[in-house]
Amino acid sequence: MATKTKKSIPVFDSDEEDIIEEPTIPMQVQQDPSEETITFKKSHFYSVLVVLAFAVGVLVGYVAWGRGSGGTTTTAGAPVAQAPAAEQAPQYRRYDIPTEGFPSLGPDDAPIVIVEFSDFQCPFCRRFHDETYQSLLDAYPGQIRFVYRNLPLTSIHPAAMPSAIASLCAQDQDAYWDFHEKLFSSEQLDEETFIRYAADLGLDTEKFTACLSSGEHDAEIQQDMNFAIDLGVQSTPTFFVNGLAIVGAQPLANFQQLIDKELAGEIP
């Protein structure tokens, strides 16, 4: 069976994210106790001192004379230019992220489209929702269309998949975003809670409950997951701002920095 090679995405990165896979832990190198002690003969010791003294003398002379030569010196193998190098423009890469048919909020013709791959049980996704989401929409009224796509990290968040299913069952009754808000504000994510939220929102609870166990949205969520992983998404939340990736529960200022450049046409 062929193994897929995961791609990496150049992004505005953050530690505030839940990873899909645990990072590889480097192996510990154990040293043989018999190799811990090195014995020198006295004659060898004096010889080493002479060599070291000569090396120090050469180094001091190089530093003293090299500084006035006007040339380029090196530190740890890296060239250090006399004049500062010109600042390089940041490199951007746009990804083609489909948005049609996914839950969205905001004008269809908004100049900024933000797609979030997220997980309702992910604490960093909740942090973004609590601290940045509404402020971001308020900072650009009428200029953002926000699209939510599911990436439940089922290996570490057992309630993530049922929550994603429940949100799409609510979408079937035109209540996706209200239900979305309730999920991100909830301390308990289980079927009883989902049904209670559906009742609170005035949904047909019988229809909603049947949807939870029907499996009708399973393939849709799995397609979201496969797309994200094939793209190279490795953690939640991950965002694409007009196709430009931002990873983690970034603060508002980080989104604004990218969005302002995009609105000004400064990003190719």
Side-chain angles (χ1 to χ4, degrees), residues 11-20 97 99 102-107 110 112-171 174-201 203 221 224-225 228 233-242 244-260 262:
V11 293
F12 289 78
D13 206 354
S14 171
D15 291 333
E16 300 181 340
E17 55 193 282
D18 271 351
I19 61 173
I20 292 177
I97 313 296
T99 60
F102 300 101
S104 67
L105 188 68
I112 300 296
V113 177
I114 300 177
V115 181
E116 177 185 10
F117 286 90
S118 190
D119 170 323
F120 286 109
Q121 199 179 0
C122 161
F124 302 111
C125 302
R126 174 174 291 198
R127 178 181 299 178
F128 165 79
H129 182 270
D130 291 347
E131 300 178 2
T132 306
Y133 168 71
Q134 191 59 52
S135 299
L136 180 58
L137 298 181
D138 292 343
Y140 300 92
Q143 293 183 290
I144 291 178
R145 180 160 71 97
F146 197 91
V147 181
Y148 190 94
R149 296 190 60 171
N150 287 292
L151 183 54
L153 307 187
T154 55
S155 63
I156 56 176
H157 297 152
M161 178 64 85
S163 297
I165 292 171
S167 72
L168 296 181
C169 291
Q171 184 185 27
D174 300 321
Y176 178 83
W177 290 101
D178 289 335
F179 203 89
H180 178 277
E181 291 294 318
K182 285 186 173 294
L183 290 177
F184 270 128
S185 64
S186 180
E187 297 300 327
Q188 187 71 26
L189 296 172
D190 55 25
E191 184 171 323
E192 182 180 350
T193 303
F194 302 151
I195 295 171
R196 185 173 75 251
Y197 288 160
D200 292 344
L201 295 173
L203 306 186
I221 296 170
D224 260 1
M225 296 168 66
V233 175
Q234 298 179 353
S235 60
T236 57
T238 291
F239 306 87
F240 291 89
V241 179
N242 286 2
L244 303 167
I246 297 182
V247 177
Q250 302 275 359
L252 176 62
N254 288 16
F255 283 92
Q256 288 180 305
Q257 179 184 8
L258 183 60
I259 291 173
D260 290 346
E262 181 72 355

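Numbering of residues begins at 1 and proceeds along the displayed sequence. Just so we're clear, the structure is a prediction, and the values are computed from it rather than from any experiment.
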Quiz item: Going by atom types only, do S167 and Y148 share a side-chain donor-acceptor pair under 3.5 Å?
Solution: no
Quiz item: Which residues pass the ring-ring contact (aromatic ring centres under 6.0 Å, His included) test with F194, sequence neighbours left out?
Solution: none
Quiz item: Knowing that exactly one of I112, I246, N242 qualifies, which makes a side chain to side chain contact (heavy atoms under 4.5 Å, CB included) with L258?
Solution: I246
Exercise. State which residues pass salt bridge (Lys or Arg N to Asp or Glu O under 4.0 Å) with E262; sequence neighbours excluded, sorted by chain then number.
Key: R94
Practice problem: Show your reasoning for whether side chain to side chain contact (heavy atoms under 4.5 Å, CB included) applies to I259 and I114. | Solution: CA-CA 10 Å; I259 291 173; I114 300 177; 4.2 Å; yes
Quiz item: Among all residues two or more places apart in sequence or in another chain, which pass the side chain to side chain contact (heavy atoms under 4.5 Å, CB included) test with D130?
Solution: R126
Quiz prompt | Counterpart residues, disulfide bond (SG atoms under 2.5 Å apart), relative to C125 (two or more places apart) | solution = none
Self-check item: Closest heavy-atom pair and its distance - A160, Q121
Solution: N-OE1, 3.3 Å
Practice problem: First locate atom CG of L252, then atom CZ of F128, and finally report the distance between them rounded to the nearest 0.5 Å. | Solution: 9.0 Å
Quiz prompt | D190: partners by side chain to side chain contact (heavy atoms under 4.5 Å, CB included), with sequence neighbours left out | solution = Q188, E192, T193
Quiz item: Can you check whether L153's main-chain N or O pairs, donor with acceptor, with D119's side chain at less than 3.5 Å?
Solution: yes
Practice problem: Output yes when a side-chain donor or acceptor of S163 lies under 3.5 Å from a complementary backbone atom of A159, and no otherwise. | Solution: yes
Quiz item: Taking only residues two or more places apart in sequence or in another chain, which ones pass side chain to side chain contact (heavy atoms under 4.5 Å, CB included) with A199?
Solution: T205
